[in-house]
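Every value quoted in this text rests on a predicted model; they were computed, and no experiment measured them. Letters go in sequence order (proteins before strands), and every chain restarts at 1.
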2 protein chains.
Amino acid sequence: MICAEAIVSRLREQGERLTIQRRAVIETLCASGDHLTVQDLQTQLAAQGTALTETTVYRIVQWLKDRGAVAQTDLGQSGVVYQVIDRTLHHHLVCLRCGRVVDVEDCVMDALRERLRREYAFEPRIDHMAIFGLCRDCRAGHD
Amino acid sequence: MICAEAIVSRLREQGERLTIQRRAVIETLCASGDHLTVQDLQTQLAAQGTALTETTVYRIVQWLKDRGAVAQTDLGQSGVVYQVIDRTLHHHLVCLRCGRVVDVEDCVMDALRERLRREYAFEPRIDHMAIFGLCRDCRAGHD
DNA sequence: CTACATGCAAATCCTTTGCATCCAC
DNA sequence: GTGGATGCAAAGGATTTGCATGTAG
């Protein structure tokens, strides 16, 4: 888990304006450690006494994303989620059947990255990618 | 390019009901060869004299997807696209800067598939995946 | 004939925008 | 003080749903 303070001070050094709403979003994302949808964020914030409008949550996660503090991942059917960018970058295995999301370490992407660079001169930004398929449990009871 | 007839007869053998609307969507997807959005489909169908409602197009591509005849790919900012599933499976490199979409052959995914199966007991369905990053041209003129 | 697909309209969900007000610096 | 952020309401786009009608088998 990442310290919200670290993110806050980095942003302040960059001359960003830090409102209580922005601090609250950063703290919630850090405290959770998990990936959260905009709705998740709004609910958790409201529960702890900081009621933000959806609009504001959208604006703040966009702002954090633009400044490289959070990553955005589209989990397809499971919606769009946000998480603080930590050194232990990872990806997501999303089960098409049960919807379970399992994290996988980043290095599984290294071979693919290398190949796309070499063969296609393409510089991939493979951050928190979602890979769909069948999880351990669901593949057992199916085709 | 895949013959629409092949898809139609396979579906008929499975006891599916083949309306003129369904045939038209299959034919348009096959004729195009490219990936099409629901809007693209509707426009092209209307142009050739088969006006379908958006609702119907949505229902038909969903139906085709459920029966394994087409793949659905979320290209992020560029929308959700559909294409017939052919033997020459491929994926998409989407440039974050210029939006260009380049196809890449399926085998670049083999190593990743193998690893997810072996290390995570996860059976990936990596069909027409979208990988974001910077294309050859845009990476040159940037960081 | 009959079950199922379509068309139409309206609802829903997610996200963005315009504008007045508010607050961090 | 002032520029930029927030709240509110409303717009926007993509997708889904309910129901009457049409049609493939």
Side-chain angles (χ1 to χ4, degrees), chain A residues 4-5 7-28 35-46 49-67 69-70 72-82 99 130, chain B residues 4-5 7-28 35-43 45-46 49-67 69-82 99 130:
Chain A
E5 269 318 304
I7 296 177
V8 168
S9 28
R10 185 159 61 80
L11 287 168
R12 186 194 317 258
E13 280 162 20
Q14 294 170 3
E16 297 294 339
R17 186 172 294 205
L18 284 156
T19 62
I20 43 178
Q21 292 88 344
R22 285 177 173 179
R23 285 168 196 275
V25 169
I26 293 168
E27 273 157 24
T28 303
H35 28 76
L36 301 177
T37 63
V38 164
Q39 313 263 352
D40 292 338
L41 269 169
Q42 203 191 12
T43 307
Q44 295 195 16
L45 286 161
T50 316
L52 304 201
T53 59
E54 272 185 315
T55 308
T56 302
V57 181
Y58 275 108
R59 284 195 276 226
I60 292 177
V61 291
Q62 185 63 50
W63 173 76
L64 286 167
K65 186 185 154 198
D66 290 344
R67 276 143 197 85
V70 311
Q72 183 188 52
T73 310
D74 188 343
L75 294 181
Q77 212 56 6
S78 308
V80 176
V81 294
Y82 299 86
Chain B
E5 270 317 305
I7 295 178
V8 167
S9 28
R10 185 160 61 79
L11 287 167
R12 187 196 315 260
E13 281 162 20
Q14 293 170 4
E16 297 294 339
R17 185 173 295 204
L18 284 156
T19 62
I20 43 178
Q21 292 88 344
R22 285 177 175 180
R23 284 168 197 276
V25 169
I26 293 167
E27 273 156 24
T28 304
H35 28 78
L36 301 177
T37 64
V38 164
Q39 313 263 351
D40 292 339
L41 269 169
Q42 203 192 14
T43 308
L45 285 161
T50 317
L52 304 200
T53 58
E54 272 185 316
T55 308
T56 301
V57 182
Y58 275 108
R59 285 195 276 227
I60 292 176
V61 291
Q62 184 63 49
W63 173 76
L64 286 167
K65 185 186 154 198
D66 291 344
R67 275 142 197 86
V70 311
Q72 183 189 51
T73 311
D74 188 342
L75 294 181
Q77 213 54 8
S78 309
V80 176
V81 295
Y82 299 86

Is it the case that the side chains of B:D40 and B:T43 hold a donor-acceptor pair, with the cut-off being a distance below 3.5 Å and no angle test?
no

If you look at every strand shown and take non-hydrogen atoms under 4.0 Å, does A:V80 touch a base, only sugar-phosphate, or nothing?
sugar-phosphate

Within the 4.0 Å heavy-atom criterion, would you say B:L18 contacts the bases, only the backbone, or no part of the nucleic acid?
sugar-phosphate

What's the CD-P distance between A:E54 and D:dG7, to the nearest Å?
12 Å

Is it true that a side-chain atom of A:R22 and a backbone atom of A:R17 form a donor plus acceptor pair closer than 3.5 Å?
yes

Could you say whether B:V38 or B:E16 is positioned toward the 5' end of DNA chain D, judged by the nucleotide with the nearest heavy atom to each?
B:V38

Would you say B:Y58 reaches D:dT16's phosphate, i.e. side-chain N/O to OP1/OP2 under 4.0 Å?
no

With a 4.5 Å limit on heavy-atom distance, are the side chains of B:Y82 and B:V57 in contact?
no

Nearest whole angstrom, please: distance from the P of D:dA14 to the CG of B:L75.
14 Å

Please check the phosphate of C:dA5 (OP1 and OP2 only) for any side-chain N or O of B:T19 closer than 4.0 Å.
no

C:dG7 phosphate, OP1 or OP2, under 4.0 Å from B:T53 side-chain N/O
yes

Rounded to whole Å, how long is the line connecting atom CD1 of A:I20 with atom P of C:dC25?
11 Å

Start at the 5' end of DNA chain D and walk down; is the nucleotide closest to A:Q21 or to B:R23 reached first?
A:Q21

Can you check the B:L11 CG to D:dA24 P distance for me, whole Å?
16 Å

Value in whole Å for how far the C1' atom of D:dT15 lies from CG of B:D74
13 Å

Nucleotide C:dC25, atom P - distance to CZ of A:R22 in whole Å
10 Å

B:I26 CD1 to C:dA5 C1', straight-line distance once rounded to whole Å
14 Å

Closer than 4.0 Å, any side-chain N/O of B:R17 to the OP1 or OP2 of D:dT23?
no

Verify the contact: side-chain N or O of B:T55 to OP1 or OP2 of C:dA9, cut-off strictly under 4.0 Å; return yes or no.
no

Would you say C:dC14 has OP1 or OP2 under 4.0 Å from some side-chain N or O of A:Q39?
yes

Check whether any side-chain heavy atom of A:V80 sits under 4.5 Å from a side-chain heavy atom of A:V38, and report yes or no.
no

Distance-only, no hydrogens or angles: does the B:Q42 side chain make a donor-acceptor pair with backbone N or O of B:L52 under 3.5 Å?
yes

Go through the N and O atoms of the side chain of A:R59 and the base of D:dG7, and report whether any donor-acceptor pair is under 3.5 Å.
yes

How long is the line joining CG of A:L52 and P of C:dT15, in whole Å?
16 Å

